[in-house]
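The block underneath contains the structure these notes are about, expressed in structure tokens.
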Amino acid sequence: MARVLTLTLNPALDLSVGLERLVPGKVNRTRETHLTAAGKGVNVARVLADLGHDVTVSGFLGADNDGPFLRAFESMKVEDAFLRVPGETRINAKLAEADGRVTDINGPGTAIDATDWQRLLDGLDTRIGDSRRRPDAVVIAGSLPPGIAPDNLAALTARLRDAGLPVWVDTSGEALALAIDARPTAVKPNEQELAAWAGESLDTGEARLKAALRLYAAGIEEAVVSAGPAGVLWVSRRGAWQAIPPHLAVASTVGAGDTLLAALLHGVLSGHPPEQALRLATALSAESVRHMGVGNAHADDFPQLQQQTRVRRLNDVDAGGALA
Ligand SMILES: Nc1ncnc2c1ncn2[C@@H]1O[C@H](COP(=O)(O)OP(=O)(O)OP(=O)(O)O)[C@@H](O)[C@H]1O
Ligand SMILES: O=P(O)(O)OC[C@@]1(O)O[C@H](CO)[C@@H](O)[C@@H]1O
């Protein structure tokens, strides 16, 4: 069991709405609705805690509507180290149609000022310096709230790396680009996020692999690229792998990427062989799309989903960063 700290600088209450078909501009009747404490780092924490790790969640939570988070953290059995800031945490709507299409409507989040940011950094320094609380790995996941600039994220990444901690980052846009320059241990862009960084479209497996190799060559030890149903590429010092998930009927893809990142980190921290780690992570992310929320490793058919996940080592790729 490892000790993991997840940082969600811009958490959200996810209002997940299941409906037959979304008709904009009309009254739509829902099939189900859920309000869930979420945001990428919280979703990652949910999976890691479920897989048996000792997890602390932190970041910034609006003080006025933190009730669902408190209840969630209690049931997840994670330590709540979120700083409370004035106002409300954003509510993000996830409109999931019967054909698997999801429309995300994400708010900007609560503004964070320099004093709050410094409180977070000071708290992290104290935690890192305390051997009883020092994490084995830190995950920073999700967008940045107003007031936090991409170079703040880069500085945070560098600070944690300088303290000797593995840092896994999942974000997008300029924040991702600057975080990469600060050399986190791992990043997990999806196809669009990686394309924005690479400056070209990545609609073929070969283009994605080349971009993943570029990430690795840029100093990212664990370069993980997700591509929805097309699966995962993972380039690391141990080699390069591709995983293809089983074909499943999609209910909601929200949280699939978070599930993948969490489960792969679980495999790495547990010292599992890469192929086994990637198989479990890919299968669990696939499991997550069958329903709303993150993947459930206790699903009855999870062993079969793992068997149906195809993992292959890319032998013609050398980990030095070039296609042979
Ligand atoms: N339709 C699908 N069928 C099977 N597996 C899927 C499907 N969509 C996603 N997955 C699995 O989930 C992983 C992550 O999905 P994706 O690439 O969409 O991440 P993402 O865009 O970061 O997700 P999100 O931000 O919504 O959590 C994929 O690599 C794949 O293993
Ligand atoms: O706006 P961000 O921070 O990029 O993404 C936030 C979010 O869409 O990511 C999670 C799914 O990955 C959701 O729980 C949450 O609403």
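Both ligands and their constituent atoms are indexed starting at 1 by order of listing.
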Checklist entry - So which bit of Val42 gets within less than 4.0 Å of ligand 2, heavy atoms only: side chain, backbone, both or neither? => result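 None of Val42 does.
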Checklist entry - Heavy atom under 4.0 Å from ligand 2: found in Arg90's side chain, backbone, both, or neither? => result side chain
Electrostatic pair [X]-[Y], nearest N-O below 4.0 angstrom:
X      : Y      : value
Glu20  : Arg31  : yes
Glu221 : Arg161 : yes
Glu79  : Arg127 : yes

With heavy atoms under 4.0 Å as the rule, classify the contact between [X] and ligand 1 as side chain, backbone, both or neither.
X      : value
Ala243 : neither
Pro245 : side chain
Lys40  : side chain
Lys188 : side chain

Could you tell me the residue and atom name of the protein heavy atom closest to [atom], and the distance to it rounded to 0.1 Å?
atom                    : value
atom 23 (O) of ligand 1 : Gly257 N, 3.3 Å
atom 16 (O) of ligand 2 : Asp14 OD1, 2.6 Å
atom 9 (O) of ligand 2  : Lys40 NZ, 3.1 Å
atom 2 (P) of ligand 2  : Ser143 OG, 3.4 Å
atom 11 (C) of ligand 2 : Asp258 OD2, 3.3 Å
atom 7 (C) of ligand 2  : Lys94 NZ, 3.8 Å
atom 26 (O) of ligand 1 : Thr253 O, 3.3 Å
atom 10 (C) of ligand 2 : Asn43 ND2, 3.6 Å

Item to check | Interatomic spacing from CZ in Arg159 to CG in Leu124 - rounded to 0.5 Å | outcome: 7.5 Å
Item to check | pair Leu153-Ile148: side-chain heavy atoms closer than 4.5 Å | outcome: no
Next on the checklist: Would Ser285 count as a polar contact of ligand 1, with the cut-off being nitrogen or oxygen pairs under 3.5 Å?
Outcome noted: yes
Item to check | Heteroatom distance test (Val254, ligand 1): nitrogen or oxygen, under 3.5 angstrom | outcome: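 Between Val254 and ligand 1, no N or O pair is found under 3.5 Å apart.
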Checklist entry - Could a heavy atom of Gly39 be found less than 4.0 Å from some atom of ligand 2? => result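 Yes, Gly39 has a heavy atom closer than 4.0 Å to ligand 2.
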Checklist entry - How are the rings of His266 and His272 set to each other: parallel, tilted or perpendicular (split at 30° and 60°)? => result perpendicular
Could you name the option among [options] that has the heavy atom nearest to [atom]?
atom                    : options                        : value
atom 7 (C) of ligand 1  : Gly231, Pro229, Ala249         : Pro229
atom 1 (N) of ligand 1  : Val250, Asn190, Thr309         : Val250
atom 17 (O) of ligand 1 : Ala230, Ser172, Ser226, Ala251 : Ser226
atom 8 (N) of ligand 1  : Gly142, Ser288, Ala286, Gly228 : Gly228

Checklist entry - For the side chain of Arg313 and the backbone of Glu275, is there at least one donor-acceptor N/O pair under 3.5 Å apart? => result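 Not a single qualifying donor-acceptor pair exists.
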Checklist entry - Can you find a non-hydrogen atom of Thr282 under 4.0 Å from ligand 1? => result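 It does; at least one heavy atom falls under 4.0 Å.
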Next on the checklist: Is the positively charged end of Arg279 above the ring of Trp241, judged by distance under 6.0 angstrom from the centroid and angle within 45° of the axis?
Outcome noted: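 Not satisfied by the 6.0 Å and 45° rule.
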